[in-house]
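Report on the structure given below.
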2 protein chains.
Amino acid sequence: MSEQLSRGGANGNRKPSATIYDIARELELSPSTVSRALNKPGRIAAKTERRIRDAAAKLGYRGNPMARSLPTGRTRMLGLVVSDVTNPVFFRLVRGAEKACSELGYTLVLAESQESGELEYGTLDRLLPAVDGVVLAAARLEDDQIHQIAASTDVVLINRRVGELSAIVPDIDDGVAQAIDHLATLGHTSIAYLAGPAISWMSRERGERVFEHAVARGMIFVEIGPTSPDLVGGQSALRRVHASGMSAVLAYNDLMAIGLLRACRAEGIDVPGDLSIMGFDDIFGADLTTPALTTVRSPLDRAGDAAVRSLVATLDGIEPAAADPLPTEIVVRESTAAPH
Amino acid sequence: MSEQLSRGGANGNRKPSATIYDIARELELSPSTVSRALNKPGRIAAKTERRIRDAAAKLGYRGNPMARSLPTGRTRMLGLVVSDVTNPVFFRLVRGAEKACSELGYTLVLAESQESGELEYGTLDRLLPAVDGVVLAAARLEDDQIHQIAASTDVVLINRRVGELSAIVPDIDDGVAQAIDHLATLGHTSIAYLAGPAISWMSRERGERVFEHAVARGMIFVEIGPTSPDLVGGQSALRRVHASGMSAVLAYNDLMAIGLLRACRAEGIDVPGDLSIMGFDDIFGADLTTPALTTVRSPLDRAGDAAVRSLVATLDGIEPAAADPLPTEIVVRESTAAPH
DNA sequence: TTGTAAGCGTTATCAG
DNA sequence: CTGATAACGCTTACAA
């Protein structure tokens with residue numbers, strides 16, 4: 001009997017979990033039969049399969065994902081890369097992706113891409129070799145970096161288009177049309193778009209759509225920014241928004257819109273009396289502000305779900321089904337009103 | 001030359017990344033030398049090490065985490081299990097854990113434990129064998145289930161104590177003392193605690209602390225609930241809160257407090273005039289409400305960080321350093337005032 | 001239907 | 001300081 005020496009030197013004395021060898025020995029079968037019985041149901045004598053399954057259950061067999069992934073090259077793990085885990089925009093996205101993964105038998109690994117330089121060493125470097133593919137919701141990565149990632153693993157983008165890479169992009173045109181319509185109907189004739197970071201594809205795209213719809217309506221349009229896509233970005237933009245003389249502003253996202261809202265409050269500017277403010281996304285908290293934020297809702301949860309399903313389909317060698325449109329729509333609350 | 005057949009049948013024709021064998025061949029060395037050079041720096045001739053590192057860089061060697069984990073039994077992945085990924089309470093927690101993992105060279109896998117039954121098959125079952133340990137912030141799991149998990153992997157709890165398992169629990173006593181003090185100073189003589197789910201250790205703990213401090217102050221105390229720890233839980237509790245006749249209420253968490261706030265607004269109850277409301281945690285959005293929420297801030301980011309560091313220490317066979325106290329404190333905003 | 005054996009990329013042990 | 005060689009747990013031709 002060889003000494004049972006616990007390798008790894010790590011923690012207490014946990015009994016190593018059962019392997020297919022343990023099952024095989026118990027039943028006097030060969031490991032390969034056990035392996036087959038467990039993951040190719042039906043390709044084996046029904047009775048043998050029963051015995052194997054029973055023994056597996058009895059021994060508490062779990063299966064070692066790492067060992068499995070070595071011969072197959074698949075880990076059944078997917079990465080989700082976001083630029084900032086604390087940004088509420090991503091919550092619904094994460095939820096959608098998580099759920100889809102779970103349903104499809106995959107494990108989701110969440111990573112943050114913060115600064116672009118981090119692509120060299122760090123989280124992403126550790127993540128990439130460990131997953132079968134990644135969903136990228138990282139607005140701050142450069143196109144180059146994305147191509148670089150796509151060179152080593154399968155990729156699905158969210159809220160962004162880069163070359164021919166597959167991407168899930170909600171159809172914002174609808175939502176923007178509704179937004180402009182809403183403002184025009186209220187009587188606004190001028191509008192400002194408060195842009196996010198210059199590198200953000202979605203910020204540019206939203207700006208573009210707003211611009212198109214605004215001029216189609218004969219409205220005055222100006223763009224302000226770029227700014228950081230968060231509360232302080234919105235807050236700091238107030239002076240310029242004010243200086244522009246526009247009666248309504250659409251911010252790149254809700255965080256910025258809320259920041260702007262706060263700044264207005266601090267400065268004694270009445271919203272929506274003096275200024276109508278709208279955001280994008282409808283994040284958690286958008287209905288908690290005073291006034292509650294009117295916004296263009298983005299189906300982030302469905303986007304997360306769709307991205308994962310598309311990725312898994314690709315992994316399985318299936319042409320991903322043409323994604324549904326993922327429409328956006330406005331949610332009218334209290335931060336917009338007729339100008340005076 | 002054997003046919004280069006792409007295994008896995010998955011995706012396009014990505015070139016398989018370099019292995020230590022490729023490097024060894026290139027340099028006419030043995031794979032073991034390469035392995036040593038790469039992860040035991042110094043234990044090898046400086047010149048050889050140089051050559052190996054250069055070749056590795058040249059070939060774009062990445063290293064295969066799965067292959068590594070097979071002999072070592074360590075995956076350098078940690079799990080973070082939360083009960084609901086969309087609950088804003090967890091954002092700062094996730095951020096703290098993510099950052100610590102990143103710094104320590106680990107990869108964080110996020111999982112949701114939603115219903116307790118899911119422990120049998122599903123996410124957790126897939127997660128556990130793949131990680132070196134887990135951080136559990138899953139208030140809804142039963143003690144039994146946690147013990148079950150702890151039997152197969154290293155565990156650190158957050159905001160909860162179960163047996164002797166290591167746990168990171170902020171010192172709420174301080175925060176609660178401040179909260180009661182604040183209310184007493186304002187002139188409140190009666191207080192309700194709005195409890196979360198009965199299974200939540202933290203909900204009971206907070207209730208207990210509030211109770212103790214309230215009676216110590218000679219205040220009337222009642223407990224209402226249990227309720228679901230979210231907006232609707234708070235909302236639905238209003239009638240009972242109102243019926244209790246208390247002039248102030250402390251909700252188990254901010255989500256519930258905000259729900260209550262909303263319900264008050266809908267019913268025309270003035271906050272803080274008719275009722276003072278406080279929450280716990282200081283989640284994103286707590287300062288966006290009207291009135292802005294007074295709350296007991298919980299250092300969730302530091303808790304996440306501490307949990308990961310403690311876990312990794314245990315994994316490395318080091319006795320985790322006695323954790324700092326992680327004090328809580330109140331953040332006074334607008335939802336509390338003198339009763340009339 | 002089942003067994004044999006080779007291999008997946010690393011690390012670790014033991015010689016040289 | 002470096003090189004064989006044997007694991008690690010599993011999958012998968014190929015044989016029986």
For this session: Would you indicate what B:Lys40 reaches in the nucleic acid, counting non-hydrogen atoms under 4.0 angstrom: base, sugar-phosphate, or nothing?
Result: sugar-phosphate
Problem set entry | D:dT11 phosphate, OP1 or OP2, under 4.0 Å from A:Ser35 side-chain N/O | yes
Problem set entry | A:Arg68 side chain near D:dT11 phosphate (N/O to OP1/OP2, under 4.0 Å) | yes
Problem set entry | Carboxylate-amine/guanidinium proximity below 4.0 Å for B:Asp316 and B:Arg74 | yes
Exercise. Mind pulling the stems DNA chain D is in, i.e. runs of at least three Watson-Crick or G-U pairs, everything under 3.5 Å?
Worked result: C:1-16 with D:1-16
Exercise. Just by modelled atom types, is the B:Arg68 backbone N or O under 3.5 Å from a matching donor or acceptor in the B:Thr72 side chain?
Worked result: yes
Exercise. Does a side-chain heavy-atom distance below 4.5 Å link B:Arg62 with A:Asp125?
Worked result: yes
For this session: Taking A:Arg126 for its side chain and B:Met77 for its backbone only, find out whether a donor-acceptor pair lies under 3.5 Å.
Result: no
Seminar exercise, completed: Atom CZ of B:Arg25 and atom P of C:dG9 are separated, to the nearest Å, by 11 Å
For this session: Mind calculating the distance between CE (A:Met66) and C1' (D:dT11) to the nearest angstrom?
Result: 16 Å
For this session: Would you mind checking if B:Arg309 and B:Glu103 are paired as a salt bridge, meaning a charged N to carboxylate O distance below 4.0 Å?
Result: yes
Could you list all N or O pairs between the protein and nucleotides 2-4 of chain D that sit under 3.5 Å apart?
unit_1 : atom_1 : unit_2  : atom_2 : d
D:dT2  : OP1    : B:Thr48 : OG1    : 2.8
D:dT2  : OP2    : B:Ala45 : N      : 3.0
D:dG3  : OP2    : B:Ser30 : N      : 3.1
D:dG3  : OP2    : B:Thr33 : OG1    : 2.5
D:dG3  : N7     : B:Arg36 : NH2    : 2.8
D:dG3  : O6     : B:Arg36 : NH1    : 2.9
D:dA4  : N7     : B:Ser32 : OG     : 3.4
D:dA4  : N6     : B:Ser32 : OG     : 3.2

For this session: Let me know the distance between CD1 of A:Ile20 and P of C:dT2, rounded to the nearest Å.
Result: 15 Å
For this session: Could you pull out the closest heavy-atom pair between B:Leu93 and B:Leu300, with the gap in Å?
Result: CD1-O, 3.4 Å
Problem set entry | Short side-chain N/O contact to D:dT11 OP1/OP2 from A:Asn39, under 4.0 Å | yes
Exercise. Quick one: do B:Asp54 and B:Arg51 make a salt bridge, cutoff under 4.0 Å?
Worked result: no
Exercise. Between atom CG in A:Asn64 and atom C1' in C:dT10, what is the gap in whole Å?
Worked result: 14 Å
Exercise. Is the shortest side-chain N/O distance from B:Tyr21 to OP1 or OP2 of C:dT11 below 4.0 Å?
Worked result: no
For this session: Report yes or no: does B:Arg95 contribute a side-chain atom to a donor-acceptor pair with the main-chain N or O of A:Asp84 at less than 3.5 Å?
Result: no
